[in-house]
Amino acid sequence: MCGRYTHTGDPVRSARQLKAENQIQNWRPRYNIAPTQSAPVVLLEGGRVLRSLLWGLRHNQAFSASGLLINARSESVATKPRFKNLLLQQRCLVPADGFFEWQWSGRRRSPVRFTLRDGPLFYMAGLWDWQAEPGAAAPVRAFVILTTEANDLVARVHDRMPVIVPEERCAEWLEDAPVKGWDSFWRPFPAERMDAYLAHAVVNSPTTDAPECIQSLGPLPEVNPAGEQTEFGF
DNA sequence: CCAGACGTTGTT
DNA sequence: GTCTGG
DNA sequence: CCAGACGTTGTT
DNA sequence: GTCTGG
């Protein structure tokens, strides 16, 4: 998962918080960032910089021309040929203030927006790579977002969620060798420090990028209206 | 060395 | 193409 | 992730 | 159904 997210705040603030040099000239609030679009990412380039990168890596072009990788499973990222070197060399942080998962309600999917109680801004773990783009003179950077097992809150909607790097570990993720091992980064962000609400269906369209995408339509229903049963439900 | 695999999600 | 497995 | 398209030949 | 585009 994590196929959409928001970054409605000033990216300059994201950069300032991480002491990154801001390289983004023009920005606007983003209420619905979708794969293939550009979004701000913090990476190392000498020092830390905030740059606009494309969301989605093509997997090995010689092997297959099609297919966009927007996520990478944290559990396997250290061994996958496409990602293992990026994990060692090209980690990045993806600033966000919310992400969407889609919940089945009868026959329709409803978007659910997840936010952090700590404060609006958070950072998702990402990997970046150079990528040739049709029509571009030189390769450009593109990124994927790492995913992990869902915590108890997100699990009400979906079984995966983005890897969220706590602010106090951002430096470690970006610059250091894995001091405590990679696995410690993959732990799902605590459910009790997150909120969730039903969002408007305008989010469904990847080209809609308007404030109503983050309007709350109310709390998550306790039970999936589709009547989801637990595996052992009686 | 060669052979064979090579990605993610979800499948409401 | 490039990496892993045998 | 969801939305939306989804074909070929030959054509003045 | 399956693929592409955003």
Side-chain angles (χ1 to χ4, degrees), chain A residues 1-7 28 30-39 52-90 94 96 98-114 124-136 139-140 142-150 154-163 186 196 198-210 212-214 220-221 223-231 233:
Chain A
M1 196 345 93
C2 200
R4 302 289 181 82
Y5 69 97
T6 64
H7 187 201
R28 61 190 166 93
R30 295 299 309 276
Y31 303 96
N32 191 8
I33 299 170
T36 71
Q37 299 176 351
S38 294
S52 197
L53 269 63
L54 288 175
W55 185 9
L57 291 176
R58 278 187 285 280
H59 61 276
N60 195 321
Q61 213 165 353
F63 167 61
S64 168
S66 66
L68 199 64
L69 309 172
I70 63 173
N71 297 130
R73 292 178 69 91
S74 58
E75 298 92 332
S76 58
V77 72
T79 56
K80 293 295 182 184
R82 184 70 180 88
F83 297 127
K84 57 184 288 187
N85 292 333
L86 303 183
L87 179 66
L88 297 175
Q89 307 279 341
Q90 290 170 189
V94 183
F99 65 90
F100 295 105
E101 306 286 356
W102 275 261
Q103 178 175 48
W104 284 102
S105 317
R107 290 185 182 178
R108 300 193 174 178
R109 293 254 238 185
S110 302
V112 175
R113 184 167 183 252
F114 293 90
M124 301 184 286
L127 304 175
W128 68 273
D129 199 4
W130 292 103
Q131 182 156 281
E133 285 296 313
V140 299
F143 70 97
V144 294
I145 296 171
L146 300 190
T147 64
T148 189
E149 175 190 0
V154 179
R156 290 164 60 181
V157 176
H158 190 62
D159 63 351
R160 306 289 297 172
M161 64 181 279
V163 172
W186 309 156
L198 290 172
H200 197 282
V202 294
V203 177
N204 291 359
S205 173
T207 54
T208 301
D209 188 3
E212 51 185 334
C213 291
I214 64 168
L220 279 191
V223 176
N224 186 328
E228 188 173 278
Q229 297 278 323
T230 67
E231 188 177 354

Using the [atom1] atoms only, state how far [M] lies from [N], rounded to an integer number of Å.
{"N": "B:dA3", "M": "D:dT11", "atom1": "C1'", "answer": "50 Å"}
{"N": "B:dC1", "M": "D:dT8", "atom1": "P", "answer": "42 Å"}
{"N": "E:dG1", "M": "D:dT9", "atom1": "C1'", "answer": "26 Å"}
{"N": "B:dG7", "M": "D:dG7", "atom1": "C1'", "answer": "29 Å"}

TODO: Scan A:F83 against the nucleic acid and name what it touches under 4.0 Å (heavy atoms): base, sugar-phosphate only, or nothing.
DONE: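 Here A:F83 touches the backbone only, sparing every base.
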Open item on the list: Please classify the nucleic acid contact of A:T207 as base, sugar-phosphate, or nothing, using heavy-atom distances under 4.0 Å.
Closed with: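 Sugar-phosphate, no base atom in range.
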From [atom1] of [X] over to [atom2] of [N], roughly how many Å is that when rounded to an integer?
{"X": "A:Y31", "N": "D:dC2", "atom1": "OH", "atom2": "P", "answer": "23 Å"}
{"X": "A:D129", "N": "C:dT2", "atom1": "CG", "atom2": "P", "answer": "13 Å"}
{"X": "A:D209", "N": "D:dA3", "atom1": "CG", "atom2": "C1'", "answer": "16 Å"}
{"X": "A:M161", "N": "D:dC1", "atom1": "CE", "atom2": "P", "answer": "16 Å"}
{"X": "A:L68", "N": "E:dC3", "atom1": "CG", "atom2": "P", "answer": "15 Å"}
{"X": "A:R58", "N": "E:dG6", "atom1": "CZ", "atom2": "P", "answer": "13 Å"}
{"X": "A:W55", "N": "B:dG7", "atom1": "CH2", "atom2": "P", "answer": "20 Å"}
{"X": "A:M124", "N": "D:dC1", "atom1": "CE", "atom2": "C1'", "answer": "12 Å"}

TODO: Taking the side chain as every heavy atom from C-beta outward, state whether A:M161 and A:T148 have any pair of such atoms under 4.5 Å apart.
DONE: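 Touching, per the 4.5 Å side-chain cut-off.
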TODO: Over all heavy atoms of both residues, which pair between A:V112 and A:A196 is shortest? Give the atoms and the distance, please.
DONE: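 For A:V112 and A:A196, the tightest heavy-atom pair comes out as CG1-CB, 4.2 Å.
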Would you indicate which nucleotide in [options] comes nearest to any side-chain atom of [X]?
{"X": "A:S76", "options": "E:dG5, C:dC3, B:dT8", "answer": "B:dT8"}
{"X": "A:P81", "options": "B:dG7, B:dT9, E:dG6", "answer": "B:dG7"}
{"X": "A:N71", "options": "D:dC2, B:dT8, E:dG6", "answer": "B:dT8"}
{"X": "A:K84", "options": "C:dC3, E:dG6, B:dT9", "answer": "C:dC3"}
{"X": "A:R73", "options": "D:dC2, E:dG6, B:dT9", "answer": "B:dT9"}
{"X": "A:W102", "options": "D:dC2, B:dT9, B:dT8", "answer": "D:dC2"}
{"X": "A:R4", "options": "E:dG6, B:dT8, B:dT9", "answer": "E:dG6"}
{"X": "A:T147", "options": "D:dC1, D:dC2, B:dT9", "answer": "B:dT9"}

Open item on the list: I need the A:L53 CG to A:W130 CH2 distance, nearest 0.5 Å.
Closed with: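 The distance works out to 8.5 Å.
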Task: Secondary structure of DNA chain D in dot-bracket form (Watson-Crick or G-U wobble, distances below 3.5 Å, | marking inter-strand pairs) - done: ||||||......
- [ ] Fit a plane to each ring of A:W102 and A:F100, take the angle between them on a 0 to 90° scale, and name the class: parallel (under 30°), tilted (30 to 60°) or perpendicular (over 60°).
- [x]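 Plane angle between 30° and 60°, so tilted.
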Task: Parallel, tilted or perpendicular, as decided by the 30° and 60° cut-offs, for the rings of A:Y5 and A:W55 - done: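 Because their plane-to-plane angle is over 60°, the rings of A:W55 and A:Y5 count as perpendicular.
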Open item on the list: Can a donor-acceptor pair be found, under 3.5 Å and without considering hydrogens, that links the side chain of A:R113 to the backbone of A:H200?
Closed with: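 No, A:R113 side chain to A:H200 backbone: no donor-acceptor pair under 3.5 Å.
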- [ ] Give a yes or no on whether the backbone of A:V157 and the side-chain of A:Q103 come within a donor-acceptor separation of less than 3.5 Å.
- [x]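 Flag not set: sc A:Q103 to bb A:V157 has no pair under 3.5 Å.
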- [ ] Give a yes/no on whether any side-chain N or O of A:R82 is located under 4.0 angstrom from OP1 or OP2 of C:dT2.
- [x]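 For C:dT2, neither OP1 nor OP2 has a side-chain N or O of A:R82 closer than 4.0 Å.
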Open item on the list: Any side-chain N or O of A:R109 below 4.0 angstrom from OP1/OP2 of D:dC2?
Closed with: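 Answer yes for this pair, as a side-chain N or O of A:R109 is under 4.0 Å from OP1 or OP2.
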Open item on the list: Could you work out, with salt bridge (charged side-chain N to carboxylate O under 4.0 Å, His left out) as the rule, every residue matching A:R82, not counting sequence neighbours?
Closed with: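 If we apply the salt bridge (charged side-chain N to carboxylate O under 4.0 Å, His left out) test to A:R82, skipping adjacent residues, the hits are A:D129.
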Task: side chain to side chain donor-acceptor pair (under 3.5 Å) involving A:D209 - partner list, sequence neighbours excluded - done: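 Side chain to side chain donor-acceptor pair (under 3.5 Å) list for A:D209, sorted by chain: A:R28, A:R30.
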